[in-house]
Amino acid sequence: MSRRIGILGGTFDPIHMGHLITAEIVRVSAALDEIIFIPAARPPHKENKGEAPAEDRLLMVQCAVEGNPSFSVSDIELKREGPSYTVDTIAVLSEQLRGAELFFITGADAMNDLYRWHDPVRLLHSCTFIVAARQGVELDESRLAEQFSPEQRSRIRIVPTPHLEISSTVIRARVRAGRSIRYLVPRAVELYIEERGLYRAHDKKL
Ligand code: ATP
Ligand code: MG
């Protein structure tokens, strides 16, 4: 049987327990063998607005998944120049992970905007979508029905996930304000942020 691999993209600035808990719930519910976290590139001008450089975002994901054989991280989007289209990332991964069945994990909010993505129809043919449906964020089924055929929509699965009020934005704000982020991120990530002085108001280091 082919390996079932989940792909979780994000800026991971920084990765937090919301990402990890959601990934684990989806992995079990959708019977996935593993999850690959893929930090996204950002336009260079965005990288110095109190946010962390790509290298640090990648290393923080590495810290977070270390020791879990079901989780790993790929630098595929960071190695490419500029931001990547998901459809291209999936194509490269299918090539690399020959024979694996790919599942792209996303939130309901992103899914509602699928028609605005680059080449969504090709994307729906190249992987199965798993919508991590958080309470309070509804999937707009009627809009999806207007944009995509029943066959295309059959590539979208919904997995209920708990609603965790944690975001990278909240974590960056707490660090900036000198407040604790303990238990919001893995311990190793907390230490990394502290050591590197990331997200601090006066830190000009990139
Ligand atoms: P930011 O606050 O900077 O927007 P974020 O917390 O939303 O960051 P991203 O890296 O943008 O983190 O998210 C990557 C993916 O994880 C997205 O699909 C997003 O919907 C999902 N995600 C983020 N936070 C949570 C959470 N608390 N629970 C479930 N999924 C989440
Ligand atoms: Mg976000």
Side-chain angles (χ1 to χ4, degrees), residues 5-30 32 35-43 45-65 71-78 83-87 89-90 102-114 116-118 120 123 127-140 156-177 179 181-186 189-190 192-193 198-200:
I5 301 182
I7 309 295
L8 181 59
T11 39
F12 301 120
D13 191 18
I15 188 165
H16 54 69
M17 296 312 280
H19 297 130
L20 293 159
I21 294 168
T22 302
E24 181 64 0
I25 302 264
V26 167
R27 183 185 72 79
V28 172
S29 298
L32 305 179
I35 308 266
I36 305 177
F37 292 74
I38 305 198
R42 265 193 312 231
H45 65 271
K46 269 207 78 187
E47 292 247 331
N48 46 37
K49 289 202 312 185
E51 294 161 352
E55 188 196 341
D56 287 318
R57 294 186 287 116
L58 176 70
L59 284 170
M60 287 189 282
V61 179
Q62 247 156 28
C63 287
V65 302
F71 286 2
S72 63
V73 55
S74 164
D75 62 0
I76 174 174
E77 292 201 352
L78 298 180
S84 308
Y85 292 123
T86 300
V87 69
T89 300
I90 295 290
L102 299 186
F103 296 79
F104 186 77
I105 303 162
T106 182
D109 39 349
M111 201 62 211
N112 289 335
D113 287 336
L114 180 66
R116 280 195 259 188
W117 293 26
H118 185 71
L123 186 56
C127 64
T128 301
F129 267 76
I130 293 183
V131 181
R134 292 185 254 174
Q135 213 188 345
V137 190
E138 300 297 323
L139 188 62
D140 190 343
I156 303 172
R157 310 255 169 87
I158 298 169
V159 171
T161 53
H163 183 78
L164 301 154
E165 202 59 63
I166 308 172
S167 69
S168 304
T169 303
V170 161
I171 287 160
R172 292 192 302 270
R174 289 185 69 88
V175 173
R176 203 158 46 236
R179 298 166 82 184
I181 54 166
R182 193 153 196 188
Y183 308 123
L184 294 174
V185 299
V189 172
E190 184 191 348
Y192 186 97
I193 291 171
L198 299 177
Y199 311 123
R200 292 226 207 99

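Values reported hereafter were calculated over all heavy atoms of this structure, with side chains retained and with hydrogens, waters and symmetry mates removed. Ligands are counted one by one from 1 in listed order, and the atoms in each one are counted from 1 as well.
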Worksheet item: Quick one: nearest non-hydrogen protein atom to atom 18 (O) of ligand 1, plus distance?
Response: Gly107 N, 3.8 Å
Practice prompt. Output the list of atoms in ligand 1 that are nearer than 4.0 Å to some heavy atom of Ser168, sorted by atom number.
Written response: 1 (P), 2 (O), 3 (O), 5 (P), 6 (O), 8 (O), 12 (O)
Item to complete: Check ligand 1 against Arg172 and write out every atom of the ligand that is under 4.0 Å from a heavy-atom position of the residue.
Response: 3 (O)
Worksheet entry | Side-chain heavy atoms of Phe129 within contact of Leu123, under 4.5 Å | yes
Worksheet, complete the sentence: Any heavy atom of Glu165 under 4.0 Å from ligand 1? The part involved is neither
Fill in: Residue and atom name of the nearest protein heavy atom (relative to atom 11 (O) of ligand 1), distance in Å to one decimal
Thr11 OG1, 3.7 Å
Worksheet item: Within the structure, does Asp109 bring an N/O atom to less than 3.5 angstrom of an N/O atom in ligand 1?
Response: no
Discussion item. Could you tell me if the side chain of Asp13 sits less than 4.5 Å from the side chain of Tyr199, heavy atoms only?
Written reply: yes
Worksheet item: What part of Thr22, side chain, backbone, both or neither, has a heavy atom within less than 4.0 angstrom of ligand 1?
Response: side chain
Response to the item:
For Gly10, the atoms of ligand 1 under 4.0 Å from one of its heavy atoms are 10 (O), 14 (C)
Worksheet item: Is there a nitrogen or oxygen of Thr106 sitting under 3.5 Å from a nitrogen or oxygen of ligand 1?
Response: no
Worksheet item: Parallel, tilted or perpendicular for His118 and Tyr85, by the 30°/60° rule?
Response: parallel
Worksheet item: To which protein heavy atom is atom 20 (O) of ligand 1 closest, and what is the distance rounded to 0.1 Å?
Response: Arg134 NH2, 3.2 Å
Discussion item. Looking at Arg172 and Glu51, would you say the former's side chain and the latter's main chain have a donor-acceptor pair under 3.5 Å?
Written reply: no
Worksheet entry | For Ser167, atoms of ligand 1 separated by under 4.0 Å from a heavy atom | 2 (O), 6 (O)
Discussion item. Within the structure, is a non-hydrogen atom of Ile166 found at a distance of less than 4.0 Å from ligand 1?
Written reply: yes
Discussion item. Once you restrict to heavy atoms under 4.0 Å, what part of His163 touches ligand 1? Side chain, backbone, both or neither.
Written reply: neither
Worksheet item: Less than 4.5 Å apart, any side-chain heavy atom of Thr128 and any of Arg157?
Response: yes
Worksheet item: So, the side chain of Thr106 versus the backbone of Val131: is there a donor-acceptor pair under 3.5 Å, distance only?
Response: no
Worksheet item: Do Leu114 and Met111 come close enough that some side-chain heavy atom pair is under 4.5 Å?
Response: yes
Worksheet entry | Atoms in ligand 1 flagged as close to Phe12, the criterion being non-hydrogen separation under 4.0 Å | 10 (O)
Discussion item. Using a 3.5 Å distance criterion without hydrogens, assess whether the side chain of Arg42 forms a donor-acceptor pair with backbone atoms of Ala54.
Written reply: no
Practice prompt. Go through ligand 1 atom by atom and flag the ones less than 4.0 Å from a non-hydrogen atom of His16.
Written response: 6 (O), 24 (N), 25 (C), 27 (N)
Discussion item. In the complex you have, is atom 7 (O) of ligand 1 within reach of the protein, judged by whether a heavy-atom distance drops under 4.0 Å?
Written reply: no
Worksheet item: Are side-chain heavy atoms of Met17 and Pro186 found at a separation under 4.5 Å?
Response: yes
Discussion item. I want to check something: taking the side chain as every heavy atom from C-beta on, are Met60 and Val185 in contact at a cut-off of under 4.5 Å?
Written reply: no
Worksheet item: With only distance considered, is Thr169 within less than 3.5 Å of ligand 1 through an N or O on each side?
Response: yes
Worksheet item: What do you reckon, does Gly9 put a non-hydrogen atom under 4.0 Å from ligand 1?
Response: yes
Fill in: Met111, His19, Glu51, Met17: member with heavy atom nearest to atom 23 (C) of ligand 1
His19
Item to complete: Answer whether the closest heavy-atom distance between the side chains of Tyr192 and Leu198 falls below 4.5 Å.
Response: yes
Discussion item. Check whether Asp140 reaches the backbone of Asn112 with its side chain - one donor and one acceptor, N or O, closer than 3.5 Å.
Written reply: no
